[in-house]
Amino acid sequence: MTTEVVGESSRARRLGGHVVLGLLSLVCVFPIYWLYATSLRAPQDVSSLSVLPWPLSTASYTEAFAKNDVLGMLVNTGVVAVFSALGQLLVALLAAYAFAAWRFPFQRLLYLMFVGTWLVPFQATMLPNYVLLSRLGLLETLAGVIVPTLCSALGVLLLREHLNSFPKELLDAARMDGRTSWSALWTVVVPTLRPALAALGILLAISAWNEYFWPAMVLQRSNAVVQLGLRSFMGTEGNDWGPLMATAGLACLPVFALYLVLQRHIVNAFVRSGLK
Amino acid sequence: MVSGTFVEVAAPARNREAGTAGTAPASRESGWSRIRRLAPPYLYLVPAVVLLVVWTYQPLAQTFVLSTYSWNLVPSTPMVDVGLGNYERLLGTPELGRAVWRTVVVILGMLPFTVVIPVAVALLTRRVRGRAQGVYRALVFAPMLVAPVAGAAVWQWLLDPSAGAVNRVLGTDVNWLNTASTAQWSIIVITGWHVVGFAVLVVTAGLAGINPDYAAAAQVDGASRSQVTRWVTLPLLSPTLAFLALMTVLLSAQWTFPLIDTLTQGGPVSSTTNLYYLLWEYGFRSHDAGLAAAAGVLFFLGFIVVAALLTRLAARLSHHDD
């Protein structure tokens, strides 16, 4: 009898759980849905409140492409995201390898240098960085957006954790074979670490794609990346909702496409980095 | 920590012992091979450390220096040494106090989205498992992936005073983003929408990591479900909660920046100008590098104090699971 009561209350609790999560999901997804719904309405229905955008129309997208070089912006942002993520991966992999495979003097101090970056807010370093970029002639260039981001402390910490649980016997075996540490890195460590590297790479690429502050500082006179193009569109044609939503939708599309394919891995990568 | 390494680090110690014992110098390795043996980890670290120094630590030091000068960011104009003048000027402006207060409001306003709601949702939905859980995870996490400016654009549309869905559903005509009393809260809610799903997943993962034996033992001892939650689960969850609180404190101003810059530009009547935005305005609108640097230094010191307090709190709370 008691088990029955427990079973019933547990079913009620599960139902309650579904209600809570269902409501939260609705709140979370509705603005995204509304963004794409508005962008797909015909121009005269843009401010319609009907839930389904019908009849569908691509007029807003045609207009968005006509008004701005959306394609160019997407390509530029893609370049920034890919190079930034690959650079961060490489730099972080080398550093994490050093921390995991050797013990050396000042190891702890050097490691703390990476952890310490959490305490240095961006706004405390932005002016000298801006001046340095201007001396290097990198202001208003994509390289200026990429280069300063290349050392990701998060990447180093996460990869070091993965490498610490890496079977040391494999490294020893490589050493017995007379391989150099460099060749062991690429023939033993990287192939084993591939899933972790892929997850981290996607996380870094998405962050770089969505980054706003740094591009806004470096590219003050142009709208080379999609976030800035969107901002200037909001400023100049703020009430042209259809094309604005179309541009915003395109700015999110590559990330969502990636998310549809790799959903579980992306969520895990973010949550893992959060739990660090 | 590591036993099977490429280089046995015990070696230098052995060498030194050998040296003091006065063994034949012939067995001592030459300086060159010693360097070759010790160099690899440092070589692997060179790119990362150089980048860290160039883009984080050296600029940080420069900010301290810059904060004692008066300069307008133009390379051709001279920098004038003003000592602590910038700090006096900064602390003398009423703007600063207001910006600090608004930053505190943003952080406090964010805590429900990053801690309170996630804990409630995670506790209420522990029984939801399997495929359904996967679908919910995917949905609530999605806003985290929306580019901040795209989020700003869609919320500007939703909150539009005349045609926006929110006002038409509520039957109101509030100009949410251009009214001093509602702008700050709109920014907080939009930022909360971006991060709440992520925080829920972090808490859920934290809950899943708790050993169920503790709760079972408490129930055997006659504790009710709410007692178990209050006295067993929440204390065991406290490291996760401390992490989320720390993240909120350190990142809130940063999260709101794109929204403020695109939606309100700090207005109306400065009602959304928090510390982060004030700094940006000093540096890149008024081109007052010294003042911005002084504010940056204070920001950095404030960060350290808050982070130290929260880390200490987390350390005190996390002994429960030992």
Side-chain angles (χ1 to χ4, degrees), chain A residues 10 13-14 16-18 20-21 24-25 28-29 31-32 34-35 47 49 91 94-95 97-98 101-104 110 113 117 119-121 123-125 127-129 148 150-151 156 168 171-172 175 181 206 210 212-213 227 230-231 234 241 244-245 248 251-252 255 259 263 267 270-271 274-275, chain B residues 1-7 9 40-41 44-45 47-48 51-52 55-56 59-60 62-63 66 121 124-125 127-128 136-143 145-150 153-155 157-158 163 165 168 197-198 201-202 205 257-258 262 276 279 283 289 292-293 296 299-300 303-304 307:
Chain A
S10 114
R13 291 174 69 81
R14 188 172 318 140
H18 279 285
V20 169
L21 277 178
L24 185 70
S25 304
C28 286
V29 168
I32 301 171
W34 202 245
L35 170 81
S47 51
L49 280 185
V91 171
L94 296 181
Y97 185 48
W102 284 274
R103 276 186 299 168
F104 48 93
L110 284 164
M113 268 183 81
T117 56
L119 291 177
V120 184
Q123 41 280 47
T125 56
L127 286 174
N129 278 340
L150 285 180
C151 182
V156 175
K168 295 288 176 286
L171 287 181
D172 287 338
R175 189 160 55 114
S181 64
I206 291 176
N210 285 344
Y212 175 78
F213 187 85
Q227 313 298 340
L230 196 53
R231 175 186 63 174
M234 282 171 79
W241 299 113
L244 179 60
M245 290 303 112
C252 300
V255 174
Y259 189 49
Q263 181 258 318
V267 173
F270 270 85
V271 172
L275 283 178
Chain B
M1 184 176 69
V2 179
S3 49
T5 59
F6 281 105
V7 174
V9 180
Y44 284 109
L45 276 170
L51 284 164
L52 268 192
W55 297 107
T56 304
L60 182 67
Q62 277 180 341
T63 299
L66 201 56
V121 170
L124 287 171
T125 60
R127 306 223 160 228
V128 180
Y136 290 129
R137 275 165 67 92
L139 293 176
V140 300
F141 184 73
L145 298 173
V146 173
V149 191
V154 70
W155 280 98
W157 169 221
L158 285 166
R168 283 165 66 196
F198 167 72
L201 297 188
V202 170
F257 180 83
T262 49
Y276 201 176
L279 253 149
F299 209 154
F300 171 61
F303 255 42
I304 292 202

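Model, not experiment: these values are computed from the prediction.
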Non-neighbouring partners of A/P121 that pass side chain to side chain contact (heavy atoms under 4.5 Å, CB included), sequence neighbours left out: A/Q123, A/A124, B/F300, B/F303
Rounding to 0.5 Å, atoms CG (A/N129) and OG1 (B/T63) come to a distance of 8.0 Å
Interface check, chain B: of A/L49, A/V255, A/L150, most non-hydrogen pairs under 4.5 Å belong to A/L49
Might you work through the side-chain contact (heavy atoms from CB on, under 4.5 Å) test for A/T125 and B/Q62, ending with a clear yes or no? CA-CA 8 Å; A/T125 56; B/Q62 277 180 341; over 6 Å; no
Name the option with the most non-hydrogen atom pairs under 4.5 Å to chain A; the candidates are B/P47, B/A138, B/P148. B/A138
Apply side-chain contact (heavy atoms from CB on, under 4.5 Å) to A/S47 and B/W157, showing your working. CA-CA 9 Å; A/S47 51; B/W157 169 221; 3.9 Å; yes
Output yes when a side-chain donor or acceptor of B/Y136 lies under 3.5 Å from a complementary backbone atom of A/L24, and no otherwise. no
Atom CG of B/L139 and atom OG of A/S25: how far apart are they, to the nearest 0.5 Å? 4.5 Å
Mind listing the closest non-hydrogen atom pair of A/A248 and B/A153 along with its distance? CB-CB, 4.2 Å
Could you check if a side-chain atom of A/I32 sits within less than 4.5 angstrom of a side-chain atom of B/V154, using non-hydrogen atoms only? no
Per-residue tally against chain B (heavy atom, under 4.5 Å) across A/C252, A/G16, A/P31 peaks at A/P31
Is chain B contacted by the side chain of A/Q227, its backbone, both, or neither, given a heavy-atom distance below 4.5 Å? both
Report yes or no: do A/S181 and B/Y44 form a side-chain donor-acceptor pair below 3.5 Å? yes
Enter the distance from B/T262:OG1 to A/Y212:OH here, rounded to the nearest 0.5 Å. 5.5 Å
Looking only at heavy atoms, what is the nearest atom pair of A/Y259 and B/A142, with distance? OH-N, 4.2 Å
Using non-hydrogen atoms only, which part of A/L119 is less than 4.5 Å away from chain B: side chain, backbone, both, or neither? both
Mind ranking B/G296, B/A292, B/A48 by heavy-atom pairs under 4.5 Å with chain A and telling me who comes out on top? B/A48
Do B/Y276 and A/F213 have their ring centres less than 6.0 Å from each other? yes
In terms of heavy-atom proximity below 4.5 Å to chain A, should B/L145 be classed as side chain, backbone, both, or neither? both
Which region of B/L279, side chain (C-beta onward) or backbone (N, CA, C, O), has a non-hydrogen atom less than 4.5 Å from a non-hydrogen atom of chain A, or is it both or neither? both
Taking the side chain as everything from C-beta on, heavy atoms only, tell me whether B/L158 gets closer than 4.5 Å to A/W34. yes
Residue among B/L52, B/T56, B/L45 satisfying side-chain contact (heavy atoms from CB on, under 4.5 Å) with A/M113: B/L52
All heavy atoms of B/G283 vs all of A/L127, minimum pair found to be CA-CD2, 4.2 Å
Residue pair B/T125 / A/H18, side-chain heavy-atom distance below 4.5 Å: no
Taking only residues two or more places apart in sequence or in another chain, which ones pass side chain to side chain contact (heavy atoms under 4.5 Å, CB included) with B/R127? A/S10, A/R13, A/R14, B/R225
Among the options A/V120, A/L35, A/V20, A/L21, pick out the one with the most heavy-atom pairs lying under 4.5 Å from chain B. A/L21
